[in-house]
Amino acid sequence: SFGKGLVQSIIPLEYGAGLTLTSAKYFTPSGRLIQRDYTSGGFYDYYTNGANQTEENKSKPNGQVKKTDTGREVYGGGGINPDESVKPRLITVTQRRLLNPIFAFARELVNGRINGLERHRVPGPSALDHQLQRNDLPITESMYQSFRDFVAKDQHFKQFTPVLDHNRSFIELQLRYNMVTAAYGRVNADRVYVMSEDPQVVRALDALPRARNLAMSARQQRNQQ
């Protein structure tokens, strides 16, 4: 949470305006108020506060001190920082530009218009109830080579030819994402990223047993009080 914990109602006014009325604030079970102070500074400062801070230059919390059931000190007024900090998987500028030829090729592919790969045509509406498996719709060598040929022959995309092999893993991931979207819908397509060793998901799975132990410890502390 970046620090939003208000209960608000919107009261319509004339000329399309509205009044946001704050009637309450949210508190965690420890009594901690996570709402960030917004009495000073502008709208931009409120929403971007701390966004560009690194681990080295982060300011120490200065809100009201509370304690969790296990006795850990937490601070109010600044949102909730994660116990496990993991950098997201980022893409480069080149990879972002590659999204256009990848989508264009995938569109032709799922419509059966790529020579030699007609079997990958999606024959009908997305099967939204499908449970995606790791081996569903794999990206084959022939499929990747067809993509390279597709890019090289297109006057709008051929400029990307020199960078394709260097970004092959990204291309294959995005191709599969688009294929799964066409065949099984967006929800299943999002699972493609999860199955590709997303660093945040991997860390979350690793932390789950420790989260359970923390919850059990907190429960024991409450029962002893």
Side-chain angles (χ1 to χ4, degrees), residues 1-13 16-93 95-96 99 132 169-170 173-174 177 186-225:
S1 167
F2 70 89
K4 183 72 168 68
L6 302 178
V7 180
Q8 297 178 313
S9 301
I10 305 297
I11 301 175
L13 301 176
L19 171 67
T20 302
L21 177 65
T22 300
S23 55
K25 295 180 178 180
Y26 287 107
F27 292 81
T28 68
S30 66
R32 177 188 186 188
L33 172 65
I34 65 172
Q35 173 63 43
R36 180 181 298 160
D37 180 34
Y38 56 93
T39 56
S40 60
F43 181 84
Y44 177 81
D45 293 330
Y46 173 70
Y47 272 92
T48 60
N49 180 33
N52 298 319
Q53 290 184 348
T54 63
E55 292 296 329
E56 292 75 18
N57 64 15
K58 277 185 178 179
S59 58
K60 294 183 178 179
N62 55 9
Q64 188 177 15
V65 180
K66 295 292 181 179
K67 289 188 176 182
T68 65
D69 290 332
T70 57
R72 181 175 58 167
E73 289 187 346
V74 292
Y75 299 84
I80 298 177
N81 292 322
D83 294 321
E84 299 285 341
S85 181
V86 185
K87 293 182 179 180
R89 179 166 51 192
L90 303 175
I91 67 174
T92 65
V93 174
Q95 290 171 342
R96 186 175 297 278
L99 293 175
L132 188 69
S169 60
F170 172 80
L173 176 63
Q174 294 299 326
Y177 174 84
R186 176 62 185 275
V187 172
N188 272 304
D190 288 340
R191 292 172 182 162
V192 170
Y193 293 129
V194 175
M195 293 178 176
S196 64
E197 303 300 319
D198 181 279
Q200 293 178 325
V201 174
V202 170
R203 181 68 68 85
L205 292 174
D206 179 65
L208 281 176
R210 285 178 282 139
R212 180 182 183 277
N213 293 338
L214 182 63
M216 296 298 294
S217 177
R219 179 179 296 179
Q220 292 174 359
Q221 292 291 334
R222 288 195 299 268
N223 293 337
Q224 294 173 2
Q225 293 176 357

Please list, chain by chain and in numerical order, all residues satisfying side-chain hydrogen bond (donor to acceptor under 3.5 Å, both in side chains) with [X], sequence neighbours excluded.
| X | result |
| --- | --- |
| R219 | none |
| S217 | none |
| Y26 | none |
| R210 | E84, D206 |

Q: Hey, could you give me each pair passing salt bridge (charged side-chain N to carboxylate O under 4.0 Å, His left out) that has a residue in residues 23-35? Not counting sequence neighbours.
A: none
Qualifying residues under side-chain contact (heavy atoms from CB on, under 4.5 Å), relative to [X], sequence neighbours excluded:
| X | value |
| --- | --- |
| L205 | V201, L208 |
| Q200 | V86, P88, D198 |
| L21 | I11 |
| P29 | none |

Q) For F170, which residues count as a ring-ring contact (aromatic ring centres under 6.0 Å, His included) partner, sequence neighbours excluded? A)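 F170: no ring-ring contact (aromatic ring centres under 6.0 Å, His included) contacts found.
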Would you give the length of the straight line joining atom [atom1] of [X] to atom [atom2] of [Y], rounded to the nearest 0.5 angstrom?
| X | Y | atom1 | atom2 | value |
| --- | --- | --- | --- | --- |
| Q220 | D69 | CD | CG | 11.5 Å |
| L173 | I91 | CG | CD1 | 10.5 Å |
| L6 | T20 | CG | OG1 | 10.0 Å |

Q: Can you see which heavy atom on V74 is nearest to which on S30, and at what distance?
A: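 Heavy atoms of V74 and S30 come nearest at CG2-OG, 4.1 Å.
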Side-chain donor/acceptor pairs under 3.5 Å, residues 190-197, sequence neighbours excluded:
{"unit_1": "D190", "atom_1": "OD1", "unit_2": "R186", "atom_2": "NE", "d": "3.0"}
{"unit_1": "R191", "atom_1": "NH1", "unit_2": "N188", "atom_2": "OD1", "d": "2.8"}
{"unit_1": "Y193", "atom_1": "OH", "unit_2": "Q174", "atom_2": "OE1", "d": "3.2"}
{"unit_1": "Y193", "atom_1": "OH", "unit_2": "Q174", "atom_2": "NE2", "d": "3.3"}
{"unit_1": "S196", "atom_1": "OG", "unit_2": "R89", "atom_2": "NH1", "d": "3.1"}
{"unit_1": "S196", "atom_1": "OG", "unit_2": "R89", "atom_2": "NH2", "d": "3.3"}
{"unit_1": "S196", "atom_1": "OG", "unit_2": "V192", "atom_2": "O", "d": "3.4"}
{"unit_1": "S196", "atom_1": "OG", "unit_2": "Y193", "atom_2": "O", "d": "2.7"}

